[in-house]
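Quantities reported herein were computed from a predicted structural model and do not represent experimental measurements. Order of the sequence lines fixes the chain letters, A, B, ..., with proteins taken first and strands second; residue numbering starts at 1 for each chain.
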2 protein chains.
Amino acid sequence: MRKNDINSIEIARIAGVSRSTVSRVINNYPNVPQATREKVMQVIERYGYSPNFSARIMTGMKTLTIGLFLISPEAIHDTLTHALIGDVIESASSRGYYVLTHIIRSTGDTETVRKVKDTFYQRRIDGGIFIGAANHEPFIEELIAKGFVAGIVDQHLEGRIEPNRVICNFDNKLGMKQGVDYLVGLGHRNIAFIAGDPLRCSGPERMEAFQDAMAAHALKVNPDWVLPSDFSERSGYQSTARWLQSISDLPTAIFACNDSVAFGALRALNEAGLRVPDDISLMGFDDHLLSSRIQPALTTIRVNFSEMIDMLTRQVIETVEDETQMFKKYVGTAELVIRDSCRKV
Amino acid sequence: MRKNDINSIEIARIAGVSRSTVSRVINNYPNVPQATREKVMQVIERYGYSPNFSARIMTGMKTLTIGLFLISPEAIHDTLTHALIGDVIESASSRGYYVLTHIIRSTGDTETVRKVKDTFYQRRIDGGIFIGAANHEPFIEELIAKGFVAGIVDQHLEGRIEPNRVICNFDNKLGMKQGVDYLVGLGHRNIAFIAGDPLRCSGPERMEAFQDAMAAHALKVNPDWVLPSDFSERSGYQSTARWLQSISDLPTAIFACNDSVAFGALRALNEAGLRVPDDISLMGFDDHLLSSRIQPALTTIRVNFSEMIDMLTRQVIETVEDETQMFKKYVGTAELVIRDSCRKV
DNA sequence: CTGAAAGCGCTTACAG
DNA sequence: CTGAAAGCGCTTACAG
């Protein structure tokens, strides 16, 4: 009772043809006369037959499934990540693809990594998308080397342009420049920076872009004012709290590597009795869904995650379907959004 | 190069045993001597072998995959739905399960529904979870009748307690009672209600609970003050805007069937020049992530979606793994959260 | 304890 | 245009 108990051999018998012909009809082979095709189709419809998926895969057919792998040490309660997941599913579904998702708590967990790799090796998916990966994550590189198609968010490897590699980024340089220009325009000279995860591509990239943008105004970056963090609200909070206790001089502004970190920093600042923007200005990056809602509304750099994910998903699918595709990289633009968290000094 | 080119027959040859034995080792059969087991395991490790997934499924093994099907006419941009998806993935991943997701734009789209059903019939998944389904959605009932395990959010069918049916709800009666009691306690007598999707279980259920709670205070529900809607912000907005133009008397409070609808209603009220809570009080249901952030912060009934989803996912997996499980239903509690959108009259 | 063989349900050269 | 047969890679009674 728990199986679709009719198979191609039954269909063939009822239609009075061979399984070969049934298969040809299903797979739209051109060399089937219209009359035969219709006769077979009628039987297929009548019995609600659809070919067994696993059996088809074993013959090397596509799975119409894209893998989505989230690399995240903590439970995923971040609205932004949730939205990214939704966007992948949305984009893939609209193209008739299923999405097979799994969370990788740690890339050091060999069993989970193994399961994820098997997903490719065993052809459960046609290609995969990775969110939260370190730049140059070895097991992903291994998959790419094996020829599997992989789409990676926030990744950059100089010179790696395999046709089965699809990557996407934002224009961090442009974004950081706009943010720093704006702060400098407000009169800020002493600007702290909360850095992102050094292992992720955009961590060092935003940091470097920040330094370049400062240098363009002939401003120095005070090493005591560069805080470590990892893109999470929690670490933004902890890092800022610790830093506030350790320093004597305060900058007039803080540029956080992203909005989540800015949320954490804001909380730490408030707890230390500092008001934003009256006592200190705070700038984020990403334009998180909540950024316009918090108190004070966060001035930030807007990037378009939905568009990026849609592009990435689309290109992964296109690459899967047409192996002659070339290396693809998407770089989303960035734009300053002025709200209430920065003020003139 | 694109396949895991070693198979059980090769492993068997190298280890000097038969494929049968390799299979027994992999599947932890008890009747394999320790020495043999280790010999085989070593070869498996060395070659990074893992059995082909499709081939295993064809022999009737489990897939360790749960389906997640979202029934939603529009693109999913709702934070709450995103969070639900994340929770399913989180819960399933923590139990070693993959999640196969697909969006169903319309249950009238026979091709998509067919693809979803095939997902069960072809054993691509061990069981499925449905979000956004109408109460008594025929194709889901068909799957349950066939013996597949299905977990359904927001569903209730009197007397349907098949062991492979898993459902979850919130205590709408309790929630509505608390909300109405609170409003009445603030002096409100004239309370409008924005109803949810009549096809979904909690639509009529919340409506009825509202009426019961009103009746308990001997209050009548004015039929002109019952607005249709479908749980979406858009419909909350449209319905409220239209209603405001059509009526002469205003109630002193509006109870929305959920927070999204309340957001829409709030916008319509503001556009009509009405202030919440000064001119009219507004109460939501669900405690949406944004409810504490909006202006004014929304008074609402809090339910715990994460816990509900985790429970549902867990029970679906347990039912899949142990067919002797009985019918399971989860009813989450509901609790009043007082914020700023309701005032005394 | 272990191997040979059947069986799962397809697709696709191959031969006609 | 179409069928018989091989092959995909497993698992699991069956027989020993």
For dG9(D), does OP1 or OP2 lie under 4.0 Å from any side-chain N or O of S8(B)?
no
Indicate whether OP1 or OP2 belonging to dT2(C) is found under 4.0 Å from a side-chain N or O atom of Y29(B).
no
Could you tell me which residues satisfy side chain to side chain contact (heavy atoms under 4.5 Å, CB included) with R13(B), sequence neighbours excluded, listed by chain and number?
E10(B)
What's the CD1-P distance between I57(B) and dT12(D), to the nearest Å?
14 Å
Could you give the CD1-to-C1' distance, from I9(B) to dA5(C), as a whole number of Å?
12 Å
What base-paired stems does DNA chain C take part in, with at least 3 consecutive Watson-Crick or G-U wobble pairs and both distances under 3.5 Å?
C:1-3 with D:14-16, C:5-12 with D:5-12, C:14-16 with D:1-3
Rounded distance (Å) that lies between atom P of dG7(D) and atom CG of N7(B):
14 Å
Tell me every residue that passes side chain to side chain donor-acceptor pair (under 3.5 Å) with S306(B), counting only those two or more places apart in sequence or in another chain.
D87(B)
Nearest whole angstrom, please: distance from the P of dC10(C) to the CZ of R123(A).
18 Å
Across all chains, not counting sequence neighbours, the salt bridge (charged side-chain N to carboxylate O under 4.0 Å, His left out) partners of E142(A) are K117(A)
Using the P atoms only, state how far dC1(D) lies from dA5(D), rounded to an integer number of Å.
24 Å
Between dT11(C) (P) and M58(B) (CE): distance, integer Å:
11 Å
Can you check the I11(A) CD1 to dT11(C) P distance for me, whole Å?
12 Å
Would you say the side-chain atoms of H102(A) pair up with the backbone N or O of L70(A), donor to acceptor, closer than 3.5 Å?
no
Checking F305(A) now: which residues fulfil ring pair (Phe, Tyr, Trp, His ring centres under 6.0 Å) with it, not counting sequence neighbours?
F170(A)
Which residues in residues 30-41 of chain A have a heavy atom closer than 4.0 Å to any atom of DNA chain C?
none
Contacts of E45(A) meeting salt bridge (charged side-chain N to carboxylate O under 4.0 Å, His left out) (sequence neighbours excluded), chain-then-number -> none
Donor-acceptor under 3.5 Å (N164(A) side chain, F148(A) main chain):
yes
Could you list by number each residue of residues 16-27 of chain A showing a heavy-atom separation from DNA chain D of less than 4.0 Å, or answer none if no residue does?
V17(A), S18(A), S20(A), T21(A), R24(A)
Name all residues meeting the salt bridge (charged side-chain N to carboxylate O under 4.0 Å, His left out) criterion together with E141(A); count only those two or more places apart in sequence or in a different chain, and write none if there are none.
R160(A), R165(A)
Do K115(A) and Y98(B) form a cation-pi contact, if we require the NZ or CZ to be under 6.0 Å from the six-membered ring centre and within 45 degrees of the ring's axis?
yes
Considering residues at least two apart in sequence or located in another chain, which fulfil the side chain to side chain contact (heavy atoms under 4.5 Å, CB included) criterion with T59(B)?
M61(B)
Taking only residues two or more places apart in sequence, or in another chain, which ones meet F139(B) in a ring pair (Phe, Tyr, Trp, His ring centres under 6.0 Å)?
F130(B)
Provide, to the nearest angstrom, the distance between the CG atom belonging to N28(B) and the C1' atom belonging to dT11(D).
14 Å
Under the salt bridge (charged side-chain N to carboxylate O under 4.0 Å, His left out) definition, can you give me all pairs with a residue in residues 308-317 of chain A, not counting sequence neighbours?
R95(A)-D310(A), R314(A)-E318(A)
Can you tell me the distance, in whole Å, between the CG atom of N52(B) and the C1' atom of dC10(D)?
7 Å
Determine: side-chain N/O of Y49(A) to OP1/OP2 of dC10(C), distance under 4.0 Å, yes or no.
yes
